[in-house]
Protein chains: 2
Amino acid sequence: MAPSRPNEFARKGAGAGQPSYDLIELLFFAYRDFIGDADEVLADLGFGRAHHRVLHFVNRHPGMRVADLLDVLKITKQSLGRVLRELVEDGYVIQKAGPADRRQRLLYLTAKGDTLARDLALLQTKRFTRALNESGPAAREAARKFLLAMIDPATREEVERLIARADRGELPGVK
Amino acid sequence: MAPSRPNEFARKGAGAGQPSYDLIELLFFAYRDFIGDADEVLADLGFGRAHHRVLHFVNRHPGMRVADLLDVLKITKQSLGRVLRELVEDGYVIQKAGPADRRQRLLYLTAKGDTLARDLALLQTKRFTRALNESGPAAREAARKFLLAMIDPATREEVERLIARADRGELPGVK
DNA sequence: CGTTTATGTCAGCCATATTGACATATCTGG
DNA sequence: CCAGATATGTCAATATGGCTGACATAAACG
């Protein structure tokens, strides 16, 4: 008998082969530590991850609308409401009426909000930098490619566009 | 005045440099989709991520104690209590008194639990496989190395040991 | 025996999410 | 100009998954 793998087929649509427990667990712990960096800082301010996500996206897309935020975060406006209110009350975010459409509340970070968003991003960047410095110079592009490939193919392009738009200082853009 | 950056010192230890927003956002979306695969299956059963984590670790370390689980998951026994009870009630997990120390409730998956845990792992493995097939054959080891490097250096060894022990069918082991 | 350990449980609290209904202001098209 | 659509906000009720503190039980251990 050839040393072929035993029948490992079609169990509920999950393909054949052995589970990659190593990768599964490594991603679990890596993400936990990655997000933990920011959690610590936020906890001191009485904020949680929800606040972080808002800070992050408003930082990346200054002037975005509430509706844009709901779209990106995929939560309800009721949930966003409380978080946004707290951020505004504490002076991290300001809302301005849209110049063309005054129903819109365009979102911006204050200097204080900008500093916090930046600090959090730098903290997370530091982890990436440390991790990637342990490998060769090609590691960054490899990691980028790997992470992108992990995203659902259907939404991958959308995510790439979102990142590119933010890099150009643009709004999230057409849904 | 030199064009040096404005006071960017020792702000909670976040060093200088530009934030790697691309990596930050890619990891965010990658993890969301990765965990989303399992979330869908679990939701149909009335379970959440907490149940998944328990299933996963009991699957990986059959016969582990409740205390081991608390240690790995870093939650309180009160939180674990509810989740574990539901898994037992629904016939995914069984508890046996320890042979040597009868105070212990050693945890095992039933056949039903084993199937579910395996299905979930294969679903997530499929995503890794797809992602890594888009790169060369060296990609898997590169990804493994990258993810490991993202983990806190202090706990990295511990995580590696945990994975190795599970691969050998052993208990989580010495704390 | 008394103490420690492993586990479970009760009670209450918090954060973050949900759905549904409704309110307000503003824009837009006929 | 008005009717309806749109952008946003808010109230209320509910769910989930965490938390702390206090206490109970059973078994091991010295």
Side-chain angles (χ1 to χ4, degrees), chain A residues 32 35-36 38-40 42-56 58 63-90 93-108 171-172 174-175, chain B residues 32 35-36 38-40 42-56 58 63-90 93-108 171-172 174-175:
Chain A
R32 171 200 269 188
I35 202 75
D39 281 347
E40 278 181 46
L42 292 159
D44 291 340
L45 301 169
F47 291 153
R49 290 185 190 176
H51 302 86
H52 186 189
R53 291 194 282 270
V54 171
L55 271 175
H56 175 87
V58 174
M64 74 189 301
R65 299 171 307 152
V66 170
D68 295 326
L69 205 42
L70 291 176
D71 214 52
V72 174
L73 300 181
K74 289 188 181 125
I75 57 173
T76 58
K77 63 180 171 180
Q78 293 89 334
S79 293
L80 178 58
R82 177 186 41 84
V83 170
L84 201 47
R85 181 170 34 76
E86 289 169 351
L87 287 170
V88 170
E89 280 172 0
D90 290 7
V93 170
I94 48 170
Q95 295 173 301
K96 293 185 198 174
D101 186 336
R102 289 192 2 227
R103 288 172 307 180
Q104 299 174 348
R105 303 299 174 83
L106 306 188
L107 303 171
Y108 298 88
L171 299 179
V174 267
K175 69 210 89 310
Chain B
R32 171 200 269 189
I35 203 75
D39 281 347
E40 279 181 47
L42 292 159
D44 291 341
L45 300 169
F47 291 154
R49 290 184 190 177
H51 303 85
H52 186 188
R53 291 193 281 270
V54 171
L55 271 176
H56 176 87
V58 175
M64 75 189 300
R65 298 172 308 151
V66 170
D68 296 327
L69 205 42
L70 291 176
D71 213 53
V72 174
L73 299 181
K74 287 185 182 130
I75 58 173
T76 59
K77 63 180 171 179
Q78 295 89 334
S79 294
L80 178 59
R82 179 183 38 81
V83 170
L84 201 48
R85 181 170 34 76
E86 288 169 352
L87 287 170
V88 170
E89 280 172 2
D90 291 8
V93 171
I94 48 171
Q95 295 173 300
K96 294 186 196 172
D101 186 336
R102 292 197 354 234
R103 289 172 306 179
Q104 298 174 348
R105 303 301 174 82
L106 306 188
L107 304 171
Y108 297 88
L171 299 179
V174 267
K175 64 212 96 269

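Lettering of chains follows the sequences in order, A, B, ..., and the numbering in each one begins at 1. Source: prediction; values computed, not measured.
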B:R105 versus B:K96: any side-chain heavy-atom pair under 4.5 Å?
no
So what does A:Q95 touch, heavy atoms closer than 4.0 Å: a base, only the sugar-phosphate, or nothing?
sugar-phosphate
Rounded to whole angstroms, how far apart are CG on A:L73 and C1' on C:dA15?
16 Å
Quick check: does any side chain N or O of B:D101 sit under 3.5 Å from a backbone N or O of B:G98, one acting as donor and the other as acceptor?
no
Using a cut-off of 6.0 Å, state whether more than 12 heavy atoms not belonging to B:E40 lie near its atom CD.
no
Heavy-atom protein contacts under 4.0 Å, nucleotides 20-30 of chain D, coded B base, S sugar-phosphate only, - none:
BBB---BBS--
Residue met sooner reading DNA chain C from 5', once B:R105 and A:G48 are mapped to nucleotides
B:R105
B:L42 versus B:R49: any side-chain heavy-atom pair under 4.5 Å?
no
Students often get this wrong, so: under 4.0 angstrom with heavy atoms, is B:G81 touching a base, only sugar-phosphate, or nothing?
nothing
Let me have the donor-acceptor pairs involving side chains of residues 72-85 of chain B, under 3.5 Å, with sequence neighbours excluded, atom names and distances please.
from	atom 1	to	atom 2	distance (Å)
B:T76	OG1	B:S79	N	3.4
B:T76	OG1	B:S79	OG	3.2

Taken to the nearest whole Å, CG/A:D71 to P/D:dA7 is 11 Å
Check the distance between C:dA15's P and A:R85's CZ and give it to me in whole angstrom.
12 Å
Rounded to the nearest 0.5 Å, what separation is found between the CG atom of A:L55 and the CZ atom of A:F47?
7.0 Å
Please report, rounded to the nearest Å, how far the P atom of D:dT8 is from the CE atom of A:M64.
10 Å
What is the distance from CG of A:D39 to P of D:dC19, rounded to the nearest Å?
13 Å
Does B:R82 make a side-chain N or O approach to OP1 or OP2 of D:dT16 shorter than 4.0 Å?
no
Would you kindly give the CD-to-P distance between A:Q104 and D:dG9, to the nearest whole Å?
11 Å
What's the closest nucleotide to the side chain of B:R65 if the choices are C:dT16, C:dT7, D:dG9?
C:dT7
At under 4.0 Å, does any side-chain N or O of A:R53 touch on OP1 or OP2 of C:dA17?
yes
Should B:L106 and B:R65 count as side-chain neighbours, where that means a heavy-atom distance under 4.5 Å?
yes
Please report the distance, rounded to the nearest Å, between CD in A:E89 and C1' in D:dT10.
14 Å
Can you check the A:L80 CG to D:dG9 P distance for me, whole Å?
8 Å
